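Read the structure below first, then the notes.
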Amino acid sequence: MNADTDMTAAHSPARELRGAGDAVAGHAISCRDIVVRFFSERRSVTAISGLSLDVPEGEFLTLLGPSGCGKSTFLRVVADLLAPSSGSVTVLGDKPSRARANGDVAFVFQDAALMPWRTVLQNIELPLEIAGKSPRKHRVRTMELLDLVGLSGSENAYPNELSGGMRQRVSIARALIGNPRVLLMDEPFGALDEIVRDRLNDEIRRIWKETKLTILFVTHSIYEAAYLGERVLVLSANPGRVRDIVPVPLPYERTLEARETPEFVSLAARLRRTLETC
Amino acid sequence: MNADTDMTAAHSPARELRGAGDAVAGHAISCRDIVVRFFSERRSVTAISGLSLDVPEGEFLTLLGPSGCGKSTFLRVVADLLAPSSGSVTVLGDKPSRARANGDVAFVFQDAALMPWRTVLQNIELPLEIAGKSPRKHRVRTMELLDLVGLSGSENAYPNELSGGMRQRVSIARALIGNPRVLLMDEPFGALDEIVRDRLNDEIRRIWKETKLTILFVTHSIYEAAYLGERVLVLSANPGRVRDIVPVPLPYERTLEARETPEFVSLAARLRRTLETC
Amino acid sequence: MDACSTPMNAPAASLAIDEARYLAEQRRLALQRRMLPVLGIVGLLIAWWAVIAGFNIKPFIAPSPLLVMQTIIQKRDLLLQNLGVTALEALFGFILGNLAAILVASVFVHSKILQWIFLPIAVAINAIPVVAKAPILVLIMGNGMAPKITIAAMVCFFPTLINTVRGLEAVNPQIMDLMRILSATRTQVYFKLRLFSALPYLFSALRIAASMCVIGAIVGEWIGSTQGIGAQIIQATYNYDSPLLYAAIVMSAFLSGLFYVVIALLEKRIVKWSASH
Amino acid sequence: MDACSTPMNAPAASLAIDEARYLAEQRRLALQRRMLPVLGIVGLLIAWWAVIAGFNIKPFIAPSPLLVMQTIIQKRDLLLQNLGVTALEALFGFILGNLAAILVASVFVHSKILQWIFLPIAVAINAIPVVAKAPILVLIMGNGMAPKITIAAMVCFFPTLINTVRGLEAVNPQIMDLMRILSATRTQVYFKLRLFSALPYLFSALRIAASMCVIGAIVGEWIGSTQGIGAQIIQATYNYDSPLLYAAIVMSAFLSGLFYVVIALLEKRIVKWSASH
Amino acid sequence: TVEALGAEDGLINLQLGYIAGADQIAEVTARALGYFKDEGLTLAIQPGGPSVDGLAVVASGRFEVGEISSSPSIMLATSQGIPIQSFAAGLQRHPYGYFSLKKNPVHTPQDFIGKRVGVAPTGVILLRLLLAKNKIPESQVTIVPIGGDMSPLLIGRVDVVTGWLSNTSSLRALGDERVGLTLWDAGVHLYAWPYYATQSTLQTRPDLLVRFLRATARGWHVCRTQPDRAVDYLMKDYPQLNREDERAALAIKLQCALDDETVANGWGTMNADRWQQQITQFDQLGQFSGHVPTVNEVMTTAILDKTRAVRMAV
Ligand SMILES: Nc1ncnc2c1ncn2[C@@H]1O[C@H](COP(=O)(O)OP(=O)(O)OP(=O)(O)O)[C@@H](O)[C@H]1O
Ligand SMILES: Nc1ncnc2c1ncn2[C@@H]1O[C@H](COP(=O)(O)OP(=O)(O)OP(=O)(O)O)[C@@H](O)[C@H]1O
Ligand SMILES: Cc1ncc(C[n+]2csc(CCO)c2C)c(N)n1
Ligand SMILES: [Mg+2]
Ligand SMILES: [Mg+2]
């Protein structure tokens, strides 16, 4: 990998500048008393109630919680896809809309959300196009990402010709291509087999370490949450609120063997107990 | 639970009769040299190549394999959704189309495939309607299933008001309501949190033990595959073929503690090694 | 595109407050949805008036909206009576034409072979202007309402056919697979899946048809009628009675609008599952 | 509904054989798709002939297809020349009307307020019969091709507008979210997402318009023209020359069919990602 | 069969070539005064319209009697072998004509030279007849195809438009500046409002047509002698009309319906020579796409002959 094409190296001067400004704020994401409600003619649901949270810049935070507790909803609030009914959110020291507009936020959705009329390659290149960058110039980078997610050779397939896991991998590559500063991942590896999942787990930590980006990672796997995160946020359901925030006592450099350590096992057990009472 | 509403109890005389007939054949699913190819104007893909497999009636077979290896495709062949390019398949001793037409096959898809215009309840009741049964008469049963998947209270919500995991749980309930003899499950628990997943794992084994149905269960979790199945089928990719069939040396009655046994750990390790070389 | 409201640090915004805010917003939107079309129509009238006044256009070329309004008020009995006739023809034509189109589309979606054979015939017949069909219709049906209804129905038929065929085929393939596994009969697939999938297309077609069926009825009246807006238009044209002509046209536009609104409301009632999001 | 072919125990069915089988099947389907419409049209002609012969219908009410064919062959120069004029008007009207509709729909989809104001106006204007609009058009545009093209365009406009508005709004909400996170501009959302999502609706509308624009051009010719199929229809009607009248109608049906086929082929070329499945 | 549909006893359907209204004043008056009932008939007026001129409807036997605006339609139809014949003429003098404005008038056929004349496609042949009759080369006149309305004259796009002198309402648009030249005055002598029926009706049920014509003639009598009363009946049946206009129009219609010919032969009379003249003129312009009809194909005086007394009394 040479520096030009390394997916972790693309720090523009502008980014450096913005980075310096944000450093004062210190928090990549900061929420106070967020309430999210959904209304329809028939019923109203409080998905999140009074959630407060600070995520320092450069943190890898994993989110665990029972199905329907508001994890996706919370990510959507951070990504400026949803306005909270009340409460305040800042992302990179500013309004979520600003962070988004700066191109600092990327999202891997629970379902792949690919454009059926675009090939794999074209889907991955979409963020480049939107940002006004030439996809051809970044082709080497795109190919690396394709390789990373194990889809080399399928670049000209259309989404409806792919398996569920392949589609999800395309959407992961798409999220990574824009060099975001905040990466929101909603069960990105849920449809992947364990081998690929383990590899991507290591890759995502490597990327995180190299780029210092902030990651919010929703997962249903306690092991994944513990292995990936620096802290694990556990949400409880009905309505969603912070149940616990658990620091992960694993070393900065982790290998799969780390899962065998007693610290890991006891952390996993604690998380499981917490979850069971959510 | 009284016998009338127990979801495992609805053995009609007709079913008894058919059951007797199939016993001679012995195999719930039997495949010989299945080849599945996809053609389009631009390219042709061989998804499965020369797969042969016998699944005795009443077996719980789990399927593991790298993403894109043809697991979904294989389930689709068994469900008579796809004709293999060559090779033969029998389901319950007959053509797949016959088994399907008898209402013996149910499928939980990789994505929930709910009807957006139906509420949760109406979605679950769809198979009853199709079979010409009165949903009102089976309401108690439906409510039990709703409870099983943890969605009591959401029965009147529309799918677009649900979280990803909730949608998937609806589709599980829908598959169970028809008392199938062959249950095909394509990563049914992928979008569920571990607590619910563990509970459903136990529930599905309980249902399996009580009804003696045949289950083909695709999962990406090695632990799930080992914990649930009587045998684990490992497929290799490009093109999909049987890599290994591993019997699970766990007792018939299993609890989560079984995962801590050395047999389980070594089985998981073996599966992991096999998968790594797929 | 800024979805985040200004930060608000009220410690406990209650459900009731949020609900009230939601309802107020809904009311505001509903009001807007009701007032803006009125604004549009009023604007059209003003623009019309301005053109007439500004370019000093003589009334027999195009009368001013004021004059037309006067005419409408003066001859309201006559106009309303004629409107009723046309409305009835248009309504029956609408129902018949759309039913027929939905029926044929339903057949087509079940048999590609029939579609390939009969769709070209539909295209060809749709291309025949009314004048050419008219004598045959009069011959068969005489001079009553029947031929007018038939023409209105014919005018509705084709757009609804094309849209409905497509709509009935626009099913989610996953759900189609599910229906197949359930061994749903074609009828069940049709009533439980296809029809719902077709609704967006169908309602689009019905909106088009709502506007077209009135034209159909009017054109139908031109094959021979003493009653109805169409007859009035011919009469007014024949007499160069521009105010009456425009009054009749305003009536027909009103009728079209009414049909359209009814369909739009109907859609809102029926398609309620996609309300949120 | 039986998807499973009969069991086949050939030990190694090769890719080449499967591919050949697939291609043969594709060819068979393509042939069917080409031959069945011909069958339909031929069937229509035979039915027409049978009705004429069976009920002993006199030629002045409806001539037999044989007589019409003879007339077409005899007067082919005249008919083709007129067909050319009408085809040109219809084509320009088609392009203009649909472009305008797509444009307006694009505006509407970006501003609900403008939609609520102007859609009622479109509904109202669409409800005005051509005869009523014609004098004003002639006033503004004179007697050339322009007013005919305008009328053809107007006839295309409304269905395409309604369908395109809906199509442009029929975006996958997930992908819309993605575009939003990417901070895509409205233009980008439009060109990279909405336009593609609208294609099924748009092509449905274009099929409708393909059939309608020919009628529009013909009706346009009735407001005053010496050339074109419409003028020929008027002339033939006036002269009670029903073979010529029907010949002209057959020409217009042919033109409609041609437009329709072109649009269908265009769609097949453009929408290729949904080919399989 | 289609014939059976219209065969109800005593019911007579009059199929018009255009909308029903002022032009049916005589029939309406006769019906109101019970003249049709006197003949044992019930008259139903069946309108036509811009999309249907009714001739095929009568020819097919659906309705018994037809009336169409101009005699050429009868000749063109018989030329195509349509088995209908005219049996009476509503108006002797065709009220169709050419209208211009005083600042650029057409008083005589010669004035057409150099003018732009706006005519509907079907009116072109009538203008050509006029030009041929007056030996004016067609190249000297610019024919502008227009729809059926007068605005092109008012906005100066053309110098001359066509119209019906009998339609007072429509001519009001031109105001005092109007200059008119009728086809008749320009030497083209067509019949207006000819009545026709199928040959089979004429042969098998002539007495139906006789009774119809008798009643209609008596209606004309009232129109002439008590025009205001006739207009009253007209207004009663067609309230959308304008009374003053129709009163004025009736005067013009009477002028067209009753002239020297009718003094001698009664209202509705037709002259074989005049028919022959029209056929010849049309033939010379190559207008018959079928065969050239003979006078006997086009018209019959059989019904006229049997109703002479009543018609003379108009
Ligand atoms: N309709 C199709 N057209 C072309 N290729 C297809 C089609 N469907 C599947 N494939 C190909 O077949 C192969 C197997 O797909 P399948 O969906 O069975 O994989 P899978 O094992 O279910 O993977 P995953 O675990 O990711 O869901 C893939 O390589 C895929 O690209
Ligand atoms: N558009 C909506 N309308 C109404 N209710 C909604 C809507 N979206 C989400 N909800 C509700 O909000 C709650 C939280 O949903 P969310 O999708 O955030 O859950 P989640 O934690 O992501 O669950 P999962 O793990 O199953 O994906 C759920 O109870 C859901 O029913
Ligand atoms: C020659 C000639 N024949 C028919 C018409 C059509 N048309 C216009 S007004 C009207 C009613 C006559 O009473 C008719 C029939 C025409 N314009 N010129
Ligand atoms: Mg979620
Ligand atoms: Mg799969």
Side-chain angles (χ1 to χ4, degrees), chain A residues 72-73 75-83 91 96-120 122-133 135 156-162 167 170-171 174-175 177-178 180 182-186, chain D residues 3 15 18-19 22-23 25-26 102 106 109-110 112 163-164 166-206 264-277:
Chain A
S72 302
T73 303
L75 259 51
R76 287 168 59 79
V77 168
V78 173
D80 186 38
L81 291 176
L82 203 63
V91 177
S97 56
R98 175 67 60 86
R100 175 180 60 66
N102 285 338
D104 287 335
V105 182
F107 205 129
V108 179
F109 293 96
Q110 207 162 350
D111 21 332
L114 303 181
M115 294 184 173
W117 51 87
R118 282 177 169 246
T119 62
V120 167
Q122 291 167 338
N123 264 294
I124 295 176
E125 287 173 346
L126 179 72
L128 297 177
E129 285 179 30
I130 301 277
K133 296 178 193 153
N156 292 321
Y158 283 102
N160 77 344
E161 297 169 343
L162 300 181
R167 278 198 284 269
V170 175
S171 89
R174 183 179 60 188
I177 206 166
V182 174
L183 182 55
L184 309 171
M185 306 183 88
D186 198 353
Chain D
L15 177 64
D18 286 348
E19 201 148 32
Y22 165 79
L23 288 175
E25 176 69 9
Q26 290 299 101
I102 294 169
S106 305
V109 99
H110 285 114
K112 278 266 160 287
N163 258 17
T164 310
R166 197 175 283 257
L168 289 173
E169 277 169 358
V171 295
N172 178 334
Q174 291 264 31
I175 303 185
M176 194 64 206
D177 281 350
L178 172 74
M179 292 304 264
R180 192 179 161 145
I181 284 171
L182 295 174
S183 295
T185 61
R186 285 169 161 232
T187 322
Q188 286 172 327
V189 171
Y190 180 80
F191 282 105
K192 291 184 195 297
L193 174 55
R194 288 196 189 280
L195 222 46
F196 286 93
S197 309
L199 282 183
Y201 285 88
L202 186 59
F203 273 108
S204 192
L206 292 185
L265 289 179
L266 199 69
E267 175 171 5
K268 231 186 130 194
R269 288 222 94 184
I270 291 181
V271 186
K272 49 187 183 314
W273 57 85
S274 62
S276 50
H277 229 314

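The shown structure was predicted, so the numbers you read here are calculated from the model rather than taken from an experiment.
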Seminar exercise, completed: Bottom line for A:E129: the part with an atom under 4.5 Å from chain D's heavy atoms is both
Problem set entry | Derivation and outcome, side chain to side chain contact (heavy atoms under 4.5 Å, CB included), residues A:F109 and D:D177 | CA-CA 9 Å; A:F109 293 96; D:D177 281 350; 3.7 Å; yes
For this session: For atom NZ of D:K112, decide whether the heavy atoms of other residues, nucleotides or ligands shown that lie under 6.0 angstrom number more than 12.
Result: yes
Problem set entry | Taking every non-hydrogen atom, the tightest pair across D:I181 and A:V105 | CG2-O, 3.5 Å
Exercise. How far does CH2 of A:W117 sit from CD1 of D:I270, to the nearest 0.5 angstrom?
Worked result: 14.0 Å
Exercise. Are any side-chain N or O atoms of D:S183 and backbone N or O atoms of A:R100, one a donor and one an acceptor, separated by less than 3.5 Å?
Worked result: yes
For this session: Please look at A:A106 and chain D and tell me whether the side chain, the backbone, both or neither of the residue comes under 4.5 angstrom of a heavy atom of that chain.
Result: backbone
For this session: Hey, could you give me the CD/CG distance between D:Q174 and A:D111, rounded to the nearest 0.5 Å?
Result: 4.0 Å
For this session: Look only at the side chain of D:R180 and the backbone of A:L81, and say whether a donor-acceptor pair between them is shorter than 3.5 Å.
Result: no
Problem set entry | Verdict with supporting geometry, A:M115 and D:N172, side chain to side chain contact (heavy atoms under 4.5 Å, CB included) | CA-CA 9 Å; A:M115 294 184 173; D:N172 178 334; over 6 Å; no
Exercise. D:Q188 side chain to A:I130 main-chain N or O, any donor-acceptor pair under 3.5 Å?
Worked result: yes
Exercise. Which region of A:L114, side chain (C-beta onward) or backbone (N, CA, C, O), has a non-hydrogen atom less than 4.5 Å from a non-hydrogen atom of chain D, or is it both or neither?
Worked result: backbone
For this session: Verify side chain to side chain contact (heavy atoms under 4.5 Å, CB included) between D:L178 and A:R174, making sure each step is shown before the conclusion.
Result: CA-CA 10 Å; D:L178 172 74; A:R174 183 179 60 188; 3.2 Å; yes
Exercise. Does any heavy atom of chain A fall under 4.5 Å from the side chain of D:L199, the backbone, both, or neither of them?
Worked result: neither
Problem set entry | Heavy-atom neighbours of A:R98 CZ exceed 12 at 6.0 Å | no
